[in-house]
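Inspection log for the structure reproduced underneath, given as structure tokens.
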There are 2 protein chains.
Amino acid sequence: MSEDEVLLQQLFEEEKLTDKQKKIIIAAIESFSEKGYAATSTNEIAKKAGVAEGTIFRHYKTKKELLVSIVAPLMTKLIGPFIVNDFHKVLDRPYENVEDFLRAAIKNRSDIIKKMLPVIKIVIQEIPFQPELREQFIEQVARKTFDRILQVIKGYQDKGQLIEMPTLSAARLAISSIFGFLISRYILFPESEWDDELETERTVQFILHGLAKKD
Amino acid sequence: MSEDEVLLQQLFEEEKLTDKQKKIIIAAIESFSEKGYAATSTNEIAKKAGVAEGTIFRHYKTKKELLVSIVAPLMTKLIGPFIVNDFHKVLDRPYENVEDFLRAAIKNRSDIIKKMLPVIKIVIQEIPFQPELREQFIEQVARKTFDRILQVIKGYQDKGQLIEMPTLSAARLAISSIFGFLISRYILFPESEWDDELETERTVQFILHGLAKKD
DNA sequence: AATAAAAGTGAGTAATCACTCACTTTTATT
DNA sequence: AATAAAAGTGAGTGATTACTCACTTTTATT
């Protein structure tokens, strides 16, 4: 089983998909992420998947439904719950200090990004143009993530480990640093040589000192 | 003269464009940035510009040439030199401390982003799919910017104002924070109420403390 | 005012687009 | 083994696509 198919199984676990249906999804992910949604034709997807064009429309009423069917489960079934559970652990049995939490947060995000890179690219590309996706993203991912992060930051602020600053601003700064690292690492310069542990550590320290309580 | 046309004049200063040519460019910028390049038809651009479709192809051999003609001057004539000059000032008569430099850097970036928002959106959207644009972007913008930033950071490190860290990593962290702010401010949540000065200050302080030399 | 060059036009074109549908093949149910 | 339901097919559809070209209008040059 190829790496893509492993990813697929995770994404569409409970659904029983025929072989051809899987191939359609794999082909669509590949083309959408390489050429963009609008520039990809259903004909092209069919050829790449080795199926008749009609087969695509047997399962998806429109091309846009195909797009949404690929991207939506990523948001609702994976990232959303993942984030909730992830941070839940933190809130139930909190890391004693921000440091360990940050390291864990970056590492987890990193794992997901690596696995889902092509689908994430599609999400990033299409969110500005597909209101349906944007809404889902805001509901399922952005809001949940942000709420959790706010809670976490508030927690550490109360413990006196962080500077007094609106949690919203603190969250923006921390998230920028983390995403800046992940985007540099996996999207902008994936070909460069990266000492992941070291760069993670630098990012953690940067956030830590940037938000540290001054004595 | 509308705001868009002012922007245009800056972009295409030396070229003499007829009224219809300007209208084509304005219409194209609007459609490309709203719907994306691939999803915008030349017919649509012509209608919005109030010209015949043939007029577009009188001036641009292909639709892609229209895209490049809009985006390229932004990179070569504006951002590139701007960045070079901008940082040149800093290097010739350096701000005594990092702090003032950062404030100035964010403010300048902020002004440009505000003016060029639609074209910047097009650049961000199309860079993954248009190798020609990507090359130009890397040559004209990314490399120049990065080189300058590296110099600046190195300068402050030598003065002992910054932590010892590969300048590349330091640059990534600083740039992430700045862009994180600008993207949040102007692209993700432009509708939120922003205290620009305060948020700029927080970003500056965050970078400053994050990269500060520890005693 | 005459002439040339440039700008503008819009009907036309072949290719491609997303999508349909009558039909065949495969799978599941009894 | 018979029947029904689901999956798969591919030729065909009208609409839309980027682009052309013979022609008209405007502008610049003398």
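In what follows, chains are A, B, ... by sequence order, proteins preceding strands, each numbered from 1. Fair warning: this is a prediction, and the values are worked out from it, not measured in the lab. Atoms considered below: every heavy atom in the structure, side chains included; atoms not considered: hydrogens, waters and symmetry mates.
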Any-strand Watson-Crick or G-U partner of C:dT27, both distances under 3.5 Å: D:dA4
Watson-Crick or G-U wobble mate for C:dT9, both contacts under 3.5 Å: D:dA22
Nearest to side-chain heavy atoms of [X], which nucleotide of [options]:
X: A:F57; options: C:dT9, D:dG8, C:dA18; result: C:dA18
X: A:E53; options: D:dG8, D:dC19, C:dC19; result: C:dC19
X: A:T42; options: D:dC19, C:dA18, D:dT9; result: C:dA18
X: B:H59; options: C:dA18, D:dA7, C:dG8; result: C:dG8
X: A:A52; options: D:dG10, C:dT9, D:dA7; result: D:dG10
X: B:R58; options: C:dG8, D:dG8, D:dC19; result: C:dG8

May I ask you to verify if any side-chain N or O of [X] is less than 4.0 angstrom from the OP1 or OP2 atom of [N]?
X: B:K61; N: D:dT20; answer: no
X: A:T55; N: D:dA7; answer: no
X: B:K63; N: D:dT17; answer: no

Sugar-phosphate only, base, or nothing, as touched by B:S41 at under 4.0 Å among non-hydrogen atoms: sugar-phosphate
Sugar-phosphate only, base, or nothing, as touched by A:T18 at under 4.0 Å among non-hydrogen atoms: sugar-phosphate
Nucleotide C:dT20, atom C1' - distance to OH of A:Y60 in whole Å: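 Answer to the nearest Å: 19 Å.
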Sidechain-backbone polar pair: B:R185 side chain, B:W194 backbone, donor-acceptor under 3.5 Å: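 Checked: no pair found.
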Salt bridge present between A:K22 and A:D19 (N-O < 4.0 angstrom): no
Ring geometry between A:Y156 and A:F101 (parallel below 30°, tilted from 30 to 60°, perpendicular above 60°): tilted
is_close_aromatic(A:F206, B:F206), centroid dist under 6.0 Å: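 For A:F206 and B:F206, the ring centres are under 6.0 Å apart.
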